[in-house]
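Worksheet: one structure, shown below.
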Amino acid sequence: MNQMTNRWIALYVENQVGVLAKVSGLFSGKSYNLQSLTVGTTEDETVSRMTICVTSDDITFEQIKKQLNTMVEVIKVIDLTDVPIHMKEILFVKISGIDAEAKNELFHIAQVFHKGSDVVDVVDDGKDAVLLECKMTERRNNDLIARLKQSFRQIEVVRGGAVAIESISTSCR
Amino acid sequence: MDITGRKLFVKALLEEGVDTIFAYPGGYVIDLFDELYKQNDIRLVLPRHEQGLIHEAEGYAAASGKVGVCLVTSGPGATNIVTGLADAHYDNIPLVCITGQVPLSLIGNDAFQEVDIVGMTRSVTKYGVTVRKREDLGRILKEAFHIASSGRPGPVLIDIPKDIQLASGSAEYPDSVAIRGYKPNTSVHIGQLKKAYKMLKGARRPLILAGGGINLSGANGLLLQLAETMRIPVVTTVKGKGAIPTTHELYVGNCGMHGKYAANMAVSECDVLFSIGTRFNDRITGDLNEFAPKAQIIHIDVDTSSISRNVVVDVPVVSDAGLALEKLLEWAEKMDTVSWQEQIRFWEEEHPLAMRADRGLNPQMILETLNTAFPTGYLVTDVGQHQMWATQFSDLSDQRHMITSGGLGTMGFGFPAAIGAKIACPDADVICVTGDGGFQMNIQELATAVIEQVPITVCIFQNQYLGMVRQFQQLFYGKRYAGTCLRRRRTCPETCKGPNENCPPYTPDFVKLAESYGAHGLRVTKEEEILPALKAAQQHQDGPTVIEFLISSDELVLPMVKAGNAMYDMIL
C-alpha cells in the first residue's frame with residue numbers, strides 16, 4: 001500500500017496572481033515529488049484548473065491533498081487516481097539531420113504510434129528535418145521519445161504536461 | 001461618496017474593533033500614519049524595531065484573544081517582521097499585518113525599498129495578498145480579519161501599494177465575507193466521536209494529551225470536566241500547559257523532550273491516548289516508532305492537515321476542541337482508573353521534578369517564588385533553558401496563563417510579547433521570564449516599555465551562556481563550548497571548559513542598562529533576595545522593572561530526551 005506511485009489531482013483554484021507560485025511552493029517547501037503541473041482557466045474565468053501529477057506513497061498523498069485544501073485560494077481538490085478519466089499530453093518532437101531513408105523510418109514509427117485515441121501527426125517537413133505533433137497519454141509520449149532516441153541523434157522535445165478530465169460514463173474505462 | 005484608500009483603511013480598523021495598532025513608519029505607509037493621526041480611537045504603539053513590533057502584536061493577541069494588528073513600511077520594514085510571521089504561523093496567533101508597498105507602476109523595478117513580501121512570506125502566513133485594485137481594498141481587509149481569527153488562527157499579510165492608499169473608491173466596508181475556498185470546520189462528525197468515546201471508555205490506562213488547541217479554543221473548563229468525570233489523567237505539551245490547572249490531582253505534567261518523567265512514562269505505557277489540539281511535533285514524540293507504543297490513539301484537531309501527519313492515529317476526529325468536548329461530556333461516565341493513577345504517582349515519586357538546592361540561587365527557586373508572588377496574570381517566556389524550566393515549574397490555572405514561542409522557538413520573542421500582553425490586559429500582572437541571550441535580541445524594546453508606561457517585571461535568568469545550546473555541548477559535544485559563552489573575548493584562551501576567576505566581565509550591565517532607559521533595574525544573587533526584589537517590582541507601576549538573577553552556568557534542564565530517541569529513554 002505504501003508504494004511510491006504516480007497519483008493525479010485536479011485542483012480548482014482562484015485565478016489570481018501568485019496562486020501558481022503558492023501551489024508549486026508547497027511542493028518544494030514540503031519536499032513533495034511533483035511530476036507535472038498544468039494550469040489553465042476554466043469555463044468560469046475567475047477559476048483556474050490545475051492537473052497535478054505527484055509521485056508519492058499513500059500517507060504523503062493524503063497529506064498533500066489536506067495541505068492543498070488548507071490554502072485559502074484552493075476551491076476544490078479532486079483525487080483522480082482511481083476514477084475513470086480522459087488524459088492527454090501534447091508533445092512536439094523535432095527530428096533533424098535525417099536523410100530520406102531515416103525519414104521513412106520516422107514516418108513508420110509515427111504510423112505505429114498513431115492508433116485509437118493516440119494521435120501522432122507530421123505537421124511540418126523540411127529537407128532534413130521533420131516535426132511531429134502528438135496527443136497521447138504521458139506514458140505513450142515517453143515510449144515514443146524513447147523509441148525515437150534509439151534511431152535518431154538530433155531530437156528536440158517540447159512537452160505540455162498532462163491535462164485530465166473525469167469520464168462521463170463511470171461504468172466503462 | 002467616494003473616499004481614499006487610506007481613509008477606508010482606518011474605517012476598516014474601527015469597524016473591526018481594533019483599539020491598538022503596533023506600527024513603525026516609513027515612506028510607503030506615511031499616508032496611513034497620517035490618517036491614524038487624525039483619530040483618537042486607536043492607540044498607536046511605536047516600538048523600536050519591527051521584530052519587536054510583531055512580537056508585541058503576538059503577545060497582545062495571545063492575551064486578549066483579539067486579532068493583533070501590525071503596520072510596517074515596505075522593504076526592510078516588511079522583511080523585519082518575517083520571523084514574527086513564522087512564529088505566529090506555528091503557534092496559531094491571529095495577526096493582520098499591513099505592509100506598505102511601492103506604487104503598482106514601480107513593482108518589479110527593484111525600486112527603493114521594494115521587496116516581494118507576499119512571495120517571500122507565502123510559506124509562513126495563513127494568507128497573503130497584494131491589493132492591486134482600489135475597489136478590492138475593503139473586501140480584502142474584511143477577509144483578512146476573518147481568515148486570521150477563524151478555523152486554525154494565523155497571520156495574514158496585506159500588502160498595500162502607495163497608489164492604492166491614495167486612490168479614491170467606494171466608502172463601503174463589507175459586513176460579511178464569502179470566500180469559496182475557505183470554509184473552516186464548524187461541526188463535528190458524531191460517528192467518529194462515538195468511536196473515540198467507545199475506545200476511551202474501554203481503556204484500562206487512558207491518558208489525555210492536551211495541546212495548545214485547548215488554550216486557543218478556550219476549552220479548558222470542558223476538558224477539566226471530562227477528565228474529572230471520567231477520572232482520566234492529563235499530560236500536556238509545552239503550548240498545552242494550563243489546559244487544566246497544574247495543581248489538579250489529575251494533572252501529571254508536560255511530556256516531551258524536557259517533560260516530566262511520570263508524564264513521558266504515562267505516554268509510553270497508556271493503552272488509549274486521547275490527544276486533542278496537538279500536531280505531534282517531534283519534540284513531543286521523539287522516535288516515532290516508539291511513541292505511545294502500547295496505545296491506540298484518538299486525535300481531535302480542527303485542522304485536517306494536522307491529523308495523521310506525524311503520527312498515524314486510530315480514530316481521527318476533525319473538530320474544534322470545545323465542540324468535541326461538549327459532545328463527549330453528554331456521554332461521559334466514570335471509569336475505574338485508580339490503579340493507573342497509583343502507577344503514575346509511583347513514577348512521580350520515583351523521579352520528581354526538582355533541581356539541586358545546595359548550590360545557591362537556582363531557577364526552580366525563582367519560578368516557585370513567582371508562583372506565589374504573582375498567582376494570577378500572564379507569564380511570558382523567551383526561548384531556551386529558562387523557558388523549559390518555566391514549563392516545568394510554573395503553576396498555571398484559569399487565572400494564570402503562559403505565553404511562549406512553542407513551534408518556532410524564537411529567541412527575542414519573550415520581552416516584546418510581554419509588553420504586548422500588558423498593553424492588552426493592563427490590569428493583569430505580566431511577568432517576562434527570559435535569558436540573557438534572548439533578552440538582548442530585542443533589548444531595544446525597553447524604550448517602548450518605558451515610553452508606553454508598561455509596568456511588567458522582566459526576570460533575566462543570567463547564566464552568561466546561551467544555555468540550551470551549551471547544555472547540548474556539555475552532554476553531547478565533549479564540552480566544546482563553541483560560540484555559546486557570552487563573556488568570551490578575544491583575550492580568552494582558545495579552549496575553555498567553563499567559567500573561572502580569569503573570565504572577562506559580562507557585558508552589558510543589565511541593571512545600569514535598564515536605568516539608562518529609565519526603567520528600574522535590580523540584581524538578585526541569593527535565594528532570600530528573590531521575594532523582596534519581586535515585591536519591589538510590584539511597587540513600580542510607572543514602567544518596567546528588570547531583575548537580573550545570577551544563576552549558575554552549568555545548570556541543566558532535566559529530564560532530557562536526546563532528539564530522535566524514545567520518550568521513555570530519558571537523561572534524568
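What you see below is based on every heavy atom in this structure, not just the backbone, and it leaves out hydrogens, waters and symmetry mates. Order of the sequence lines fixes the chain letters, A, B, ..., with proteins taken first and strands second; residue numbering starts at 1 for each chain. Source: prediction; values computed, not measured.
Using a 4.5 Å cut-off between heavy atoms, B:K126 contacts chain A through its backbone alone, with no side-chain atom that close. Both the backbone and the side chain of A:T46 come within contact range of chain B, with heavy atoms under 4.5 Å apart. Only the side chain of A:K30 has a heavy atom closer than 4.5 Å to any heavy atom of chain B. Interface residue B:R132: only side-chain heavy atoms are found under 4.5 Å from chain A. In this structure, the portions of A:Q67 lying under 4.5 Å from any heavy atom of chain B include both its backbone and its side chain. When heavy atoms are compared at a cutoff of 4.5 Å, A:V74 approaches chain B solely by way of its backbone atoms N, CA, C and O. For A:V13, no part lies near chain B; criterion is any non-hydrogen pair under 4.5 Å.
For the set A:K65, A:E14, A:E62, the entry with the most heavy-atom pairs within less than 4.5 Å of chain B is A:E14.
Applying the side-chain contact (heavy atoms from CB on, under 4.5 Å) rule to B:N289 yields the partners B:D287; only residues at least two apart in sequence or on another chain are considered. Contacts of A:D124 classified as salt bridge (charged side-chain N to carboxylate O under 4.0 Å, His left out), with partners at least two apart in sequence or in another chain: none.
Note that OG1 of B:T130 and CD of A:Q16 are 11.0 Å apart. Values are rounded to the nearest 0.5 Å.
Counting only heavy atoms from C-beta outward, the side chains of B:Y182 and A:E73 never approach each other to under 4.5 Å.
Summarising the local packing, CG of B:D110 is surrounded by 12 or fewer heavy atoms from other residues, nucleotides or ligands at distances under 6.0 Å. Within a 6.0 Å sphere centred on NZ of B:K133, other residues, nucleotides and ligands contribute 12 heavy atoms or fewer. Within a 6.0 Å radius of NZ in B:K195, other residues, nucleotides and ligands contribute 12 heavy atoms or fewer.
Among the residues in residues 301-314 of chain B, those with a non-hydrogen atom closer than 4.5 angstrom to a non-hydrogen atom of chain A are B:D303, B:T304, B:S305, B:I307, B:S308, B:R309, B:V312. Contacts from residues 134-157 of chain A to chain B, taken as heavy-atom pairs separated by less than 4.5 Å, involve no residues at all.
Counting all heavy atoms, side chain and backbone alike, A:A21 lies closest to B:R122 at CB-NH1, 3.1 Å.
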side-chain contact (heavy atoms from CB on, under 4.5 Å) between A:K76 and B:R180, worked out
CA-CA 9 Å; A:K76 200 153 93 176; B:R180 52 190 165 183; over 6 Å; no
